[in-house]
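Please read the structure below before turning to the comments.
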There are 2 protein chains.
Amino acid sequence: MTTTSTKGQRLPQTSKRSAKAAASDKRPDEDASAGARRRQIMQEAARLFGTRGFEATTIRDIAAATGILGGSIYYHFASKEDIFVAVHGAGMEKITQAVLAAIEGVEDPWDRLEAAAVAHCNDLLGSSEVPVIVSPYYSESLKGLRETLVAQRDRYETVVADLVEALDLPPDVDRSLFRLNFLGALNWMPTWYRPSARLSPADIGRQLVQGLRPR
Amino acid sequence: MTTTSTKGQRLPQTSKRSAKAAASDKRPDEDASAGARRRQIMQEAARLFGTRGFEATTIRDIAAATGILGGSIYYHFASKEDIFVAVHGAGMEKITQAVLAAIEGVEDPWDRLEAAAVAHCNDLLGSSEVPVIVSPYYSESLKGLRETLVAQRDRYETVVADLVEALDLPPDVDRSLFRLNFLGALNWMPTWYRPSARLSPADIGRQLVQGLRPR
DNA sequence: ATCAATCATACAAGCGTTCGTTTGATCGAC
DNA sequence: GTCGATCAAACGAACGCTTGTATGATTGAT
């Protein structure tokens, strides 16, 4: 009896949205509005996937959050899995770019790792448009997508691996394990982080690297 | 919805005699089989929940793995959520006992943390009977169980918090954050660990603490 | 008038769950 | 020892509902 409360969800025929109402609305050109709905769907899907998981999020949930009906989703995406792949890929691309931008110009290897951690936390914990999804999606229901998802994730993990490679670590430290534990701590953060915490995302990232640094 | 058929539901719980059966109640021939099926169901459910997640695992999956039909599950458990709570609680109890046993007699605070990490890894990564589930259960579909699950988890986190409290850390280190990152790295391991790796679970736990130790 | 975008509706499959029934073992009374 | 009675345990077929997806009609801007 886990029925949700999505019973009487009659869509209000308000149609209050008049294009003329907002002067700052995008021009009816084709440059920015092209694929706008698609991005909007991705944004809502990312939020829902991130908080409920893939299976617990329904197409109708995503559609309702976007303001359309379930069937209309299929004009923009071929399947639910396609939405996930798009969202996952965009999130990975976003966090990769954020980290690359953050470490640019930083020289010291440990400072670079710290900058990467801060950027990662800001992206993952901050109110990002398209939250990254790095949850354990070995989930068997996404088995068919696993190769695709791993490929998307590998791009980011390579960046981190390079950062770890440059560190001056004791010779008995397994760098692969170091990277996995570092990413594990980062990826676990969305589980416990609440925006009202006394520590900002940047503080959290900084402290993480601070604890790993040789003292 | 609420049909009037409030017929007497078959009571699934054991509770034959008084709940607290005395030790003398044990029959010499059939004591071991009491609740055996229930444990078997929990074992299969734990494996499936751990690999596919809660929503992607169906009652029929669990039943098939146990060798019975879907409906028969409900003789032993009242609901799918009940199975999860039982499995989660048993897993938490198991890992808590394993960690407590591992740190017993160890004096040095860092050695105690290392022993705890090793025990945690052995329990979580080893082929345990009832795998622990410490995945991100902020999942909204388990919202109603959240308090129960958090209570079960808190027992274990308190043990870890005490271990961290005893460490001699620099004054600027946030111990709460230290604990969360430590647990994050541990909890993320099932995501990437494969038993054929060159490192044993114990190696992994040892290296994790080794990397955190002041050098 | 065109056409991209959305609606409205439908469908088959699968979900958790229920329930009447069946089975095989145990047990007290005869 | 035999025989009903009882019980735990499982079966198998449904139920009501939700899911992802498909499709024809409709809309509104160009």
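To find a chain, count down the sequence lines: A is the first, B the second, and so on, and within it residues start at 1.
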Output a table of nitrogen or oxygen pairs between the protein and nucleotides 10-15 of chain C separated by less than 3.5 Å.
unit_1, atom_1, unit_2, atom_2, d
C:dA10, N6, A:R60, NH2, 3.4

Do you know which two heavy atoms are closest between A:V85 and A:Q152, and how far apart they sit?
O-NE2, 3.2 Å
Which residues share a salt bridge (Lys or Arg N to Asp or Glu O under 4.0 Å) with A:D162, sequence neighbours left out:
none
Whole angstrom is fine here: how far is it from CZ in A:F77 over to C1' in D:dA22?
18 Å
CD1 of A:I73 versus P of C:dA5: gap in Å, rounded?
14 Å
Can you check whether B:H76 has a side-chain N or O nearer than 4.0 Å to OP1 or OP2 of D:dA8?
no
Would you name the heavy atoms of B:R112 and B:V106 that are closest together and state the gap between them?
NH1-O, 3.0 Å
Under 3.5 Å, is there a donor on one side chain and an acceptor on the other for B:Q40 and B:E44?
no
If you compare every side-chain N and O of A:R37 against the phosphate oxygens of C:dA4 (OP1, OP2), does one of them come in below 4.0 Å?
no
Partners of A:T58 by side chain to side chain contact (heavy atoms under 4.5 Å, CB included), sequence neighbours excluded?
A:R60, A:D61
Nearest-Å distance, CZ (A:R38) to P (C:dA4)?
16 Å
May I ask you to verify if any side-chain N or O of B:S72 is less than 4.0 angstrom from the OP1 or OP2 atom of D:dC11?
yes
For the pair made of CZ in A:R39 and P in C:dA5, what is the distance, rounded to whole Å?
13 Å
Closest non-hydrogen atom pair between A:R52 and B:E55, with its separation:
O-OE2, 4.2 Å
Could you tell me whether B:L69 contacts a base, only the sugar-phosphate backbone, or nothing, with contacts defined as non-hydrogen atoms closer than 4.0 Å?
base
Taken to the nearest 0.5 Å, the spacing of B:I62 CD1 from B:I41 CD1 works out to 8.5 Å
Given D:dA8, C:dA4, C:dC7, which nucleotide is nearest the side-chain atoms of A:Y75?
C:dA4
Side chain of B:Y74 only, please: which of C:dG16, D:dA10, C:dT6 is the nearest?
C:dG16
Mind calculating the distance between CD1 (A:I68) and P (C:dT6) to the nearest angstrom?
6 Å
